[in-house]
2 protein chains.
Amino acid sequence: MNPGGGRTPHRHGATGQMQVKQAANVLELLEYFAERRRPATLAEISDDLGWPRSSTFNLVGTIVERGYLYEPRPRAGYYPTPRWLTLALTVAEAEPLPGVVDDLVADVAAATGETTAVGTLTGIHALFLVVAESRHQVRYHARVGDRVPVHASSAGRAILAQYPAASREAIYRRVAFERFSDTTPLGVENVERALLEAEERGYHQSDSEYIADLAGVALPLPLGDRRLSIVVAGPTSRCLARRPETAAILKAALSRHGLAEPGPQAQSR
Amino acid sequence: MNPGGGRTPHRHGATGQMQVKQAANVLELLEYFAERRRPATLAEISDDLGWPRSSTFNLVGTIVERGYLYEPRPRAGYYPTPRWLTLALTVAEAEPLPGVVDDLVADVAAATGETTAVGTLTGIHALFLVVAESRHQVRYHARVGDRVPVHASSAGRAILAQYPAASREAIYRRVAFERFSDTTPLGVENVERALLEAEERGYHQSDSEYIADLAGVALPLPLGDRRLSIVVAGPTSRCLARRPETAAILKAALSRHGLAEPGPQAQSR
DNA sequence: ATTTTTCATTCCTGATTATGAATAAGTCAA
DNA sequence: TTGACTTATTCATAATCAGGAATGAAAAAT
């Protein structure tokens, strides 16, 4: 291992992208508070996140200095200020998805009982913009912002199918075709074949290609000039055999909300 | 200068607090998008924020990797994902201020025509939790999360007055008493005197002690076990002479919303 | 009061990362 | 297509910071 011999730069993921640790730590801290939902002292943050005391001190101090963390009660720990909310609202309002999309997702989640999400393309991933989680005890736990490989997911391929072949090729060039499981498609041909099969079938599907034991069904969701997708996914045991039925529910919901897909999906060029 | 001879650690502000640059950069980037309200390419971010291309590349890559930034349309720049909003909502809902506080602030802002805010104590600062801005062309521009020195602001002293003398002393010990202007109180005695005067007067006031040309009027706002304050502030020309009248409006609004203050404010011990 | 425990803060240096410059990739116009 | 231009990515090293350990301050227990 490490044939070069020297120390390796701090890299992460297939792309060789360098990670900015303290940037990631800010996000981790925000997620920590979202889960905890009450103030935390420096010592608690330090212990829970496994960070050294002094590093936590410096990081928290910086974020406090900027007005994003404060002490709701003296000496009783830090908590995010409402500034996060004002900024997040401003940013979200500037680029809204039509409300009908939220309704659609809620509708499909209710009808199928499974986790339902809307995906968009970003780089070589499909990213979830809207998520409604299943209420089953065993379910697909997905959150807004979660990403899955665009080539190894039904949500991703339902997006790919909306792009011309040339655009798809540009995306394939950047994919490393890592083997996530036995069913992960490992080359351009396999992905393109899945797209053709999906067109004939009338819907996109997946079977544990990226996340083990997860079966999904997806359809394209073109919206203005945006190329989105809607996906329903859950444990194989419950969802694999039921995929055709799930697809029918999806299609019915799309029609009901006036978002029915056009005929053939994949554009050849 | 620099008698130690060695290079100085990267410090900032009166406290000697070390700043974590890339943590601050994440927040700056979020604010950048909140102001811009549309996607930005790496080059645009790099130019607008004055960051090197490669640093911007690494920082954006890290945030994208975590699901907080994405490309709404391929090659058309990055934009924050709705994940910020889901986390901010979660965090905000866990520690709500009563809705009556928002109503109160809106009410006072409408009645006075000046910027109105609710402040809370954090360290040696008063931090604004709620802000309603004046609509005058020349006005006090304050945002949620902005902080002012607790000893050199009416909003701050209206909070201090609610704490026992011992707690106030603990706070004074950490204040550097920097001279922001000619009217900045420069010692414990001056601050304590201002508190006594405010008690006699019936309201707290300020005159360009921290921000030039800014006059403010504030009252304590105890809420459950929280010690908040409400402040109205604006340009000296418009607000200085009118402070008694502003205080009357404030008191009337507090009564109207069932938040009238108790009699004497400053606790002696 | 005194001791014990916990938490916050400072300091210094090895380890990590930010950055300029070079290169690659992509886009647009003709 | 070609060429001009813009944008994205890689790399080596100077600059900066993260983290261990010690100290100080406060709270809790005795």
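Proteins come first, then strands; the chains are lettered A, B, ... in the order of their sequence lines, and each starts at number 1.
Qualifying ring-ring contact (aromatic ring centres under 6.0 Å, His included) partners for B:Tyr68, counting only residues two or more places apart in sequence or in other chains: B:Trp84. In this structure A:His151 satisfies the ring-ring contact (aromatic ring centres under 6.0 Å, His included) test together with A:Phe177, sequence neighbours excluded. Residues satisfying the side chain to side chain donor-acceptor pair (under 3.5 Å) test with A:Arg38, not counting sequence neighbours, are none. The side chain to side chain donor-acceptor pair (under 3.5 Å) search around A:Thr41 returns A:Glu44, not counting sequence neighbours. Taking the side chain to side chain donor-acceptor pair (under 3.5 Å) definition, one finds that B:Arg66 meets it with nothing, sequence neighbours left out. Scanning for side chain to side chain donor-acceptor pair (under 3.5 Å) contacts around B:Thr184 gives B:Ser181, with sequence neighbours left out. Qualifying side chain to side chain contact (heavy atoms under 4.5 Å, CB included) partners for B:Ala158, counting only residues two or more places apart in sequence or in other chains: B:His204, B:Ala218, B:Pro220, B:Ser229. Here A:Thr120 pairs with A:Leu127, A:Leu129, A:Arg226, A:Leu228, B:Tyr70 under the side chain to side chain contact (heavy atoms under 4.5 Å, CB included) rule; sequence neighbours left out.
Applying the ring-ring contact (aromatic ring centres under 6.0 Å, His included) test to residues at least two apart or on different chains, the pairs with a partner in residues 20-52 of chain A are A:Phe33-A:Tyr79.
Comparing atom distances between the B:Thr41 side chain and each of C:dT10, D:dA8, D:dT9 picks out D:dA8 as nearest.
Screening B:Asn25, B:Val26, B:Val20 against A:Val26 for a side-chain contact (heavy atoms from CB on, under 4.5 Å) leaves a single residue, B:Val26.
Computed from C1' positions of five pairs at each end, the angle between the two local axes of the helix from C:dA1-D:dT30 to C:dA30-D:dT1 equals 60°, rounded to 10 degrees.
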Strictly under 3.5 Å: I want the nitrogen or oxygen pairs between protein and nucleotides 20-22 of chain C, one per line.
unit_1: C:dG20; atom_1: N7; unit_2: B:Ser54; atom_2: OG; d: 3.3
unit_1: C:dG20; atom_1: O6; unit_2: B:Ser54; atom_2: OG; d: 2.7

Tabulated below should be each protein N or O lying under 3.5 Å from an N or O of nucleotides 25-29 of chain C; please produce it.
unit_1: C:dG26; atom_1: O3'; unit_2: B:Arg75; atom_2: NE; d: 3.4
unit_1: C:dT27; atom_1: OP1; unit_2: B:Arg75; atom_2: NE; d: 2.7

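Remark: A:Lys21 is in phosphate contact with D:dG19, judged by side-chain N or O atoms under 4.0 Å from OP1 or OP2. Contact annotation: B:Gln22 side-chain N/O to D:dC17 OP1/OP2 distance is not under 4.0 Å.
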